[in-house]
Amino acid sequence: LAIAVAGFVMVAVAAGAYLHLRDDVPALADPGKVPLPRVRDAAATQVYLKGPGADLLLLHRAARPLTTEQGTRDLAACRRVIRRRLHPAGSPRSLARLAARVPDRVARDAFASELRAVADVLAACRTGDGRPAAVEDLTFHMTVLDRRLKALKLR
Amino acid sequence: MITGRRLVTILVIVASVTAVLRGADEAAAARGPTVSWLSTGDSFAAGVGAGRGYSTGTELSPSRCVQSRRAFGPLAADLLRRQRGWSIPHEAFSACIGFVAADFFNPLVLDGVHQNISQRQWTQRQASPPGGRFDVVTLSYGGNDLGFSEVLKDCLFTRNSWEDIAASGVGGCAQSEDEMYARIDDLIDGRPFDVRGRPNGVGFGPGGKRITLSQFYSLMADELLTGRGILVVAGYPRLMAPSSTWGAWRGRSCNFFAWHEADLLGRAVERLDQRMRLAVETARSASGRDIRYLSRLELFDGGGTTHHGACTRGVEWMNGITQSGLVFGNGAPVTPTHSFHPNRLGYAATARKLIGMVEADFPAPAAPPGPETDTQPEPEPQPEPDIDVGPLYEPGEAFADDCVVAWPTAPLYSSDGVTLRMSCAGVPGQFLFTDAFFPNPELPITPSTGQVRVSGQVVGVAESGNGFRTLQVLATQIGEWRA
């Protein structure tokens, strides 16, 4: 009986903690449907992202496998993505610096958020903790950024 | 060749001559009171983040000390001169990026090099009011004493390789909430976390004497204020608006910060604001001096209804990550410079608040008595005009700017009028467009219409589903057409 009670209490606590966490985390809107504003001036951003900021586009393409189960199922899978795809784009800090200089304010924020989401997905590789939320974040930001890049005529 | 010492001498002479000339001009035109004014402190008092108009050449270090007259202290002084006729012949502006409270009474340490001048001595070189005392002293200290920029850097990217992130996590904010609170409590107790190159244990007082923050405020008031003087201590605003108020398009992160990290920093600023307010009250009671607290947290939170921190759905008074805002030092991760400081609007709003806090205490001098007459005419009451700090784009505010229609978005005609989506020269980039409604559908506007002057009133800020903002204006005049 004691074991059964203890087991019940543990399940109840775990469920409570899970529900608490779910309540706490803000929900995401549908990134494919939120209306995007008209681009004010695409030229400067085009020049930047085709020149000094080109690694950001490389990151944007390279990060796609991190939104899939196959790319993030364990640490070894994540390391493969890092080795084959993220390394050519650059280090986290160099990409952060590039993101901060994107002329288009919306694209700048979206690149910064994508970079942060990539880091969060990788951080979840080892234990799997928080991976669903991290992948959801990355998918969200990649979709917003896809749409912004299209509006900037960079896709 | 001009040596450093000669350069200092030349700068001091130029500054003195300018001050004398300015003082003479002001005395001639003045109709308000004559006061002396000091603005001192750290980057949040120096105007860092305010945009154009920086002066980087100071006698301390020509390339180091970034200052802007758009900072709240100098801006308030300038506005009182221009709009209230105040004469401020003795003005000093000794705020500088990176300064800590101990810098005021102790020799400065710049980039690790000990200087033979304190911030107080630098102040005195700029202005010498009678007795070396000022009528208005504004200051902002504490952020650097807490090592807050290091906390921010830690929250950004502490790891520089993807492998490290996969193996050990993002890093994130290295300081726990309790650790941040402990730093704040230590600051209040006079044990700053960051003493900027000084030996551990250096306090805020002269000779590095350890005193509490409230004693520091009392000492500043005792040493610097005239008998009628006011010391205004400015607190710190929330850097990022609470995540619950972010635009939906931002998801769960903004400016590299996860939502929970931004909220954690916000709670730390709330604690700092609460403790600084208390320190000011203690200083006022203990010293009997007029020491006041200007809560930028309260101001930028808009009373809890309209947040002005970075990432807000409303009008941002804080910079997020700026284009020039990330610099990599020697092995340092990411150094935000003008990032996460107030922008021009934030400093202007603070200046307006500051003016409201001090103006009534310095009435205009009584007019000299005129020739005696049998009946003295009653002076006509003159309504005081509001201080104009420039547009803050708040609802109800007057709007006037040069705009062009953002073709190919066609004007939207209705029976009541026409709505024009416009790009306006002075409207900050945080608004993608200005939507001007003109209550006359006959407005003759075509793609060949160039730049037009739009006058009217700000009626609000519209936000799209993903958080992008458009300024809403009710236009009473567009070009030569009046409503």
Do you see a donor-acceptor pair shorter than 3.5 Å between the side chains of Asp435(B) and Thr470(B)?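 Their side chains do not contain a donor-acceptor pair, so the 3.5 Å distance test is not met.
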Is the gap between the ring centers of Phe340(B) and Phe257(B) under 6.0 Å? yes
Considering only heavy atoms and a distance below 4.5 Å, find which of Ile82(A), Val121(A), Thr127(A) pairs most often with chain B.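 Looking at each option in turn, the highest pair count goes to Ile82(A).
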Among the options Ser161(B), Ala166(B), Ala258(B), Ser244(B), pick out the one with the most heavy-atom pairs lying under 4.5 Å from chain A. Ala166(B)
Partner set under ring pair (Phe, Tyr, Trp, His ring centres under 6.0 Å) for Phe44(B), not counting sequence neighbours: Tyr236(B), His341(B)
Give me each pair satisfying side-chain hydrogen bond (donor to acceptor under 3.5 Å, both in side chains) with a member in residues 75-89 of chain A, each pair once, sequence neighbours excluded. His87(A)-Glu163(B)
In terms of heavy-atom proximity below 4.5 Å to chain B, should Leu86(A) be classed as side chain, backbone, both, or neither? both
